[in-house]
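Count residues from 1 along the sequence. This is a predicted model, so every value here is computed, not measured.
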Amino acid sequence: QTVMNRMKFRKNLYELRENRNVMPTTLLTMVSNLLYEHRFGYYFVEAVIAGLKPGTDEPFVAVTDLIGCPTAPEDFAVSGTASQSIYGLAETMWEPNMSSESLFECISQTMLNGTDRDAIS
């Protein structure tokens, strides 16, 4: 909850200064900076940033690790305690330009299998 409150504050401050909405890439940088500032006494947060790029409406997906190192893959992103279990299945099932039904099935199967393999998830 602390991270969420700090991010709300930074987002609101950005929108007041810049007089525009925050883009997903900017939000990724803000989250990354917040996590890196606390790298020695870090928050246990692996952030997933998802949104649409303004103007083109292309999807944007990115993740950060515990100390704020961002990764913005072109296809998909995984995060959390079961990320190693989920990554292999997601890589196998995901294809470019999937229909909404196929994408839903891919996400569902990936999450179900990830929770089956890792009881903590």
Side-chain angles (χ1 to χ4, degrees):
Q1 193 170 13
T2 302
V3 175
M4 183 181 70
N5 289 337
R6 290 182 184 218
M7 285 312 305
K8 279 184 182 178
F9 173 75
R10 290 181 182 207
K11 181 191 79 70
N12 290 339
L13 191 61
Y14 176 87
E15 289 177 348
L16 284 172
R17 283 185 183 164
E18 299 292 324
N19 203 16
R20 60 184 167 146
N21 291 332
V22 176
M23 296 187 309
T25 53
T26 308
L27 186 62
L28 174 64
T29 304
M30 291 167 71
V31 171
S32 178
N33 288 340
L34 175 69
L35 293 176
Y36 190 73
E37 287 173 4
H38 296 277
R39 65 189 174 275
F40 298 117
Y42 53 88
Y43 300 115
F44 290 97
V45 174
E46 290 184 20
V48 177
I49 309 295
L52 297 174
K53 295 178 183 175
T56 61
D57 286 338
E58 292 179 26
F60 176 81
V61 178
V63 294
T64 65
D65 63 4
L66 295 176
I67 62 168
C69 179
T71 304
E74 293 293 322
D75 42 12
F76 62 88
V78 296
S79 182
T81 58
S83 62
Q84 293 176 348
S85 302
I86 291 174
Y87 192 82
L89 184 62
E91 191 173 35
T92 303
M93 294 186 70
W94 185 86
E95 298 172 358
N97 302 319
M98 294 176 77
S99 67
S100 59
E101 293 84 18
S102 299
L103 185 60
F104 179 77
E105 184 67 24
C106 174
I107 293 168
S108 300
Q109 289 300 318
T110 302
M111 291 181 71
L112 282 173
N113 287 322
T115 56
D116 286 345
R117 293 180 189 172
D118 187 2
I120 297 173
S121 302

Q | Joint hydrophobic cluster, V31 plus Y14, side-chain heavy atoms closer than 4.5 Å | A | yes
Q: With sequence neighbours left out, write down each residue that passes side-chain contact (heavy atoms from CB on, under 4.5 Å) with A72, or none if nothing qualifies.
A: F60, A62
Q: Is it possible for you to say whether V63 and F76 belong to one hydrophobic cluster, with membership spreading through side-chain heavy-atom contacts below 4.5 Å?
A: no
Q: Specify the closest pair of heavy atoms between L52 and D57, including all atoms of both residues, with the distance to one decimal.
A: CD2-O, 3.7 Å
Q: Mind checking ring pair (Phe, Tyr, Trp, His ring centres under 6.0 Å) for Y42 and listing every partner two or more places apart, or none if nothing turns up?
A: F44
(Q) Under 4.5 Å side-chain heavy-atom separation, chaining through any Ile, Leu, Val, Met, Phe, Trp or Tyr, what else clusters with M23? Say none if it is isolated. (A) none
Q. Between T110 (side chain) and C106 (backbone), is there a donor-acceptor pair under 3.5 Å?
A. yes
Q: Report the residues that fulfil salt bridge (charged side-chain N to carboxylate O under 4.0 Å, His left out) with E37, sequence neighbours left out, ordered by chain and then residue number.
A: R10
Q | Residues forming a side-chain contact (heavy atoms from CB on, under 4.5 Å) with V3, sequence neighbours excluded | A | M7, L34, Y43, V45
Q: Would you kindly confirm whether Y87 and M98 end up in one hydrophobic cluster when ILVMFWY residues are joined by side chain heavy atoms under 4.5 Å apart?
A: yes
(Q) Going by side chain to side chain donor-acceptor pair (under 3.5 Å), name the pairs with one or both residues in residues 59-79, residues two or more places apart or in two chains. (A) E46-S79
**Q.** Other cluster members, F104 - Ile/Leu/Val/Met/Phe/Trp/Tyr, side-chain contacts below 4.5 Å
**A.** none
**Q.** For K11, all residues meeting side chain to side chain donor-acceptor pair (under 3.5 Å), sequence neighbours excluded
**A.** E15
Q: Locate the shortest heavy-atom distance separating P24 from P54; write the atom from each residue and the value.
A: CD-CD, 4.4 Å
Q. Nearest heavy-atom pair of S83 and V78: which atoms, and what distance?
A. O-CG2, 3.9 Å
Q) Would a hydrophobic clustering, with Ile, Leu, Val, Met, Phe, Trp and Tyr connected at side-chain separations under 4.5 Å, put I49 with I107? A) no
Q) Who passes ring pair (Phe, Tyr, Trp, His ring centres under 6.0 Å) against F9, sequence neighbours left out? A) none
(Q) Among residues at least two apart in sequence or on other chains, which ones pass salt bridge (charged side-chain N to carboxylate O under 4.0 Å, His left out) with E18? (A) R20
(Q) Applying side chain to side chain donor-acceptor pair (under 3.5 Å) as the test, list every pair that has at least one member in residues 92-101; sequence neighbours left out. (A) S99-S102
